[in-house]
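Right, one structure below, let's go through it.
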There are 2 protein chains.
Amino acid sequence: MPTITSPLSDRAIDPVEAVSLEESGLSELEIEVIDLFVGAARLFGFPKSVAQIYGLLFLAPEPLPLDEITSRLQISKGSASQGLKFLRSVSAIKPVFVPGDRRDHFRAVAELKQLVSGFIKEELEPHIETGTVRLERLRSLLPQETADPSISEHLATRVERLENWHGKAKKVLPLVGKLLG
Amino acid sequence: MPTITSPLSDRAIDPVEAVSLEESGLSELEIEVIDLFVGAARLFGFPKSVAQIYGLLFLAPEPLPLDEITSRLQISKGSASQGLKFLRSVSAIKPVFVPGDRRDHFRAVAELKQLVSGFIKEELEPHIETGTVRLERLRSLLPQETADPSISEHLATRVERLENWHGKAKKVLPLVGKLLG
DNA sequence: TAAAATGTTCATTTTTTATTGAACGCATTG
DNA sequence: CAATGCGTTCAATAAAAAATGAACATTTTA
């Protein structure tokens, strides 16, 4: 297992990758910014391609269409399409109509608040909702009595703790977005 | 690409896995709680084994040693050792001395505030620190002038935006821990 | 002090996840 | 209405991450 100190271990900046990007016509600034996003994305569990696309759009002075993304980042049409789809789904990018061009163009949403809110709403909240059902089920599985009564007591306490966490998450998550206003 | 709708797609509960756990002598409640943690862990990018260990300890009335963890969860000694190491590193578990037993025993830290703080401190803050250096580098890469001056202007704005995000993260992250008090 | 117990490490294997690219649908255009 | 452009989908492949297990170091016990 190459996980060195933790499952979320740091990664060194890969010079090989940097070069391969450079050869495809990206500026040094673009390479650096994209790499920054790729690193951050890893932390949050996003695929590299998604981070690359967002990084490219973040810096681009004009909205870009899919085929420019594929050629500049040297990724496949499939990856780009999927990445854009995801970024749209969390409202991290917006489609922009460009007159006289049939292709869809996209710009990055650069407001932290919007980015975080979009992610919370689309990725986190759904999970929290399903949590409600699962907690009910947990409660139903609590043993009414055990050989040592302190054990069933302890188990009940733990389920209560989970319910407590769930409530906190429900309360705090929407608040986080506002904190970044 | 089996990523269906998003890179953080939901996963169905795998009945096969549930059975394999059940056969190893875990109660239905334990299976359910562990599965809950495994699901949540995926969201945060933790390995399954880490979530399983934490879940088991979370419910356990008494601290458990490594070999009981391996036998109850049916995971290898290596996985358990690494998982415990990580959980210790983020202060999600604590070693407990058990008289008359040479083995290290561990209990789960069940305070949300502590869990979140530990994770922020050990996993997030280090990244934020390296960010400072990288941002300085970005600034140095900004072109002094471009063919169209509005472009260099735009790029400067973007780097400022990143600095802005960085500052917000530095301010808000420590605050999140306190929000959960 | 030899044997057993405990826990870590890390090369190898397995599993999971992401990327690719060809096939397809649909709209536009010549 | 054939040909071309644009974008999506998905089976196959590649890449990345995690789990395994054997070797090892250390401590304890007999």
Side-chain angles (χ1 to χ4, degrees), chain A residues 1-12 14 16-17 20 38-39 41-53 63-71 73-89 93 95 97-106, chain B residues 1-12 14 16-17 20-21 38-39 41-54 63-71 73-89 93 95 97-106:
Chain A
M1 201 225 249
T3 299
I4 303 122
T5 47
S6 89
L8 296 172
S9 60
D10 288 15
R11 329 153 309 120
D14 181 353
V16 175
E17 180 184 350
S20 83
V38 169
R42 183 145 321 207
L43 206 58
F44 288 98
F46 302 130
K48 185 159 74 168
S49 63
V50 166
Q52 293 180 140
I53 296 168
L64 301 178
L66 186 143
D67 65 340
E68 193 151 343
I69 292 170
T70 60
S71 67
L73 295 175
Q74 314 255 69
I75 63 178
S76 69
K77 206 152 58 113
S79 263
S81 177
Q82 298 246 89
L84 288 170
K85 181 182 183 177
F86 173 71
L87 289 168
R88 257 176 293 155
S89 82
I93 60 174
F97 174 66
V98 173
D101 195 329
R102 182 141 75 88
R103 300 168 301 176
D104 301 339
H105 291 241
F106 296 94
Chain B
M1 202 224 246
T3 299
I4 303 122
T5 48
S6 91
L8 296 171
S9 61
D10 288 16
R11 331 153 306 119
D14 181 352
V16 175
E17 179 185 348
S20 84
L21 285 174
V38 169
R42 181 142 322 204
L43 208 56
F44 288 98
F46 302 131
K48 186 160 74 167
S49 63
V50 165
Q52 292 180 135
I53 295 169
Y54 182 83
L64 301 179
L66 186 142
D67 65 341
E68 192 150 347
I69 292 170
T70 61
S71 67
L73 294 176
Q74 314 255 66
I75 63 178
S76 70
K77 205 151 62 112
S79 264
S81 178
Q82 297 250 87
L84 288 170
K85 181 182 184 179
F86 172 71
L87 288 168
R88 256 176 294 156
S89 82
I93 61 175
F97 174 68
V98 172
D101 195 329
R102 180 142 76 87
R103 299 167 302 175
D104 301 338
H105 290 240
F106 297 94

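We use all heavy atoms of the structure for the numbers below, so side chains are in, but hydrogens, waters and symmetry mates are not. Lettering follows sequence order; numbering is per chain, from 1.
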Between C:dT17 atom C1' and A:Phe86 atom CZ, what is the distance in whole Å?
14 Å

From CG of B:Leu73 over to C1' of D:dA18, roughly how many Å is that when rounded to an integer?
15 Å

Separation of atom CD1 in B:Ile69 from atom P in D:dT20, rounded to whole Å
14 Å

I'd like to check the side-chain contact (heavy atoms from CB on, under 4.5 Å) partners of A:Pro65; sequence neighbours left out, ordered by chain and number.
A:Asp67, A:Glu68, A:Arg103, A:His105

Pairwise distance CG(A:Leu87) to CZ(A:Phe106) - rounded to 0.5 angstrom
9.5 Å

Ranking C:dG21, C:dT8, D:dT20 by distance to the side chain of B:Ser76, first place goes to D:dT20

Is A:Lys85 close enough to D:dT9 that one of its side-chain N or O atoms is under 4.0 Å from OP1 or OP2 there?
yes

Across the strands shown, which category fits A:Leu84 at heavy-atom distances under 4.0 angstrom: base, sugar-phosphate, nothing?
nothing

Minimum heavy-atom separation for A:Val38 to A:Ala51, with atom names?
CA-CB, 3.6 Å

Protein-nucleotide distance (A:Glu68, atom CD; D:dG5, atom P), rounded to Å
17 Å

May I ask you to evaluate whether A:Ser79 reaches the phosphate of C:dT20, defined as a side-chain N or O under 4.0 Å from OP1 or OP2?
yes

Between A:Leu66 and A:Ala80, what is the shortest heavy-atom contact and its length?
CG-CB, 4.2 Å

For D:dA18, take OP1 and OP2 only and decide whether either is under 4.0 Å from a side-chain N or O of B:Arg42.
no

At what distance, to the nearest 0.5 angstrom, does CD1 of A:Ile93 lie from CG of A:Leu84?
4.5 Å

Give each protein N/O atom lying under 3.5 Å from an N/O atom of nucleotides 1-6 of chain C, with the pair distance.
residue : atom : partner  : partner atom : Å
C:dA5   : O4'  : B:Arg102 : NH2          : 3.3

Atom-pair distance (CD1 on A:Ile75; P on C:dT17), nearest Å:
20 Å

Under the criterion side chain to side chain contact (heavy atoms under 4.5 Å, CB included), I'd like the reasoning laid out for B:Tyr54 against B:Phe46: C-alpha separation, chi angles, the key distance, then a yes or no.
CA-CA 11 Å; B:Tyr54 182 83; B:Phe46 302 131; over 6 Å; no

Once side chain to side chain donor-acceptor pair (under 3.5 Å) is applied, do any residues pair with A:Arg88, and if so which ones, sequence neighbours excluded?
none

Give the rounded distance in Å between these two atoms: CD of A:Gln82 and C1' of D:dA12.
14 Å

What is the separation between atom CG on B:Leu43 and atom P on C:dT17, rounded to the nearest whole Å?
13 Å

